[in-house]
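Note that the structure is a prediction, hence the values are computed from the model and not measured.
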Amino acid sequence: MYIVDGIAYAGEQAPVIKISGIRPMDNYKLWIRFNTGEVKIFDFAPLLTQPAFAPLADRALFRSVYIDYGVAVWADGEIDIAPQYLYTHAVPAEKAVGA
């Protein structure tokens with residue numbers, strides 16, 4: 001049980017996922033270290049067709065990724081993606097094929 005803002009919840013509180021390290025890789029992949037200590041690889045290529053992420057098809061812009069308060073961002077914060085999404089959809093680095 002845990003309490004948030006005076007409300008009691010059953011179970012264990014999920015940890016807040018943040019990015020503590022990030023590096024762009026070839027083929028629009030990201031190497032990501034999370035605050036949990038886990039290292040994962042995220043394939044960004046499928047997201048490049050979405051309007052919000054289309055500018056990242058420019059390889060120079062994609063490679064300019066950096067961390068701002070635990071979040072992966074580009075273009076001075078104009079483009080970002082939730083660390084929880086990356087954590088959920090990335091694969092552990094040791095299992096990544098072609099990483």
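- When all heavy atoms of Val4 and Gln13 are compared, the pair lying nearest together is CG2-NE2, 3.9 Å.
- Closest approach of Met25 and Arg63 over heavy atoms only: O-NH1, 3.8 Å.
- Taking CD from Gln84 and NZ from Lys18, the interatomic distance works out to 10.0 Å, rounded to the nearest 0.5 Å.
- Gly70 and Pro83 make their closest contact through O-CG, 3.5 Å (heavy atoms, listed as atom of the first residue, atom of the second, distance).
- Taking CZ of Arg23 as the reference point, atom CZ of Arg33 lies at 7.5 Å (rounded to 0.5 Å).
- Scanning all heavy atoms of the two residues, the minimum distance from Asn27 to Arg59 falls at N-NH1, 4.2 Å.
- Residue Gln50 qualifies as enclosed at atom CD: its count of foreign heavy atoms under 6.0 Å is above 12.
- Summarising the hydrophobic clusters (Ile, Leu, Val, Met, Phe, Trp, Tyr; side-chain heavy atoms under 4.5 Å, direct or chained), the residues clustered with Phe42 are Ile17, Ile19, Ile22, Tyr28, Leu30, Ile32, Phe34, Phe44, Leu47, Leu48, Phe53, Leu56, Leu61, Phe62, Val65, Ile67, Trp74, Ile79, Ile81, Tyr85, Leu86, Tyr87.
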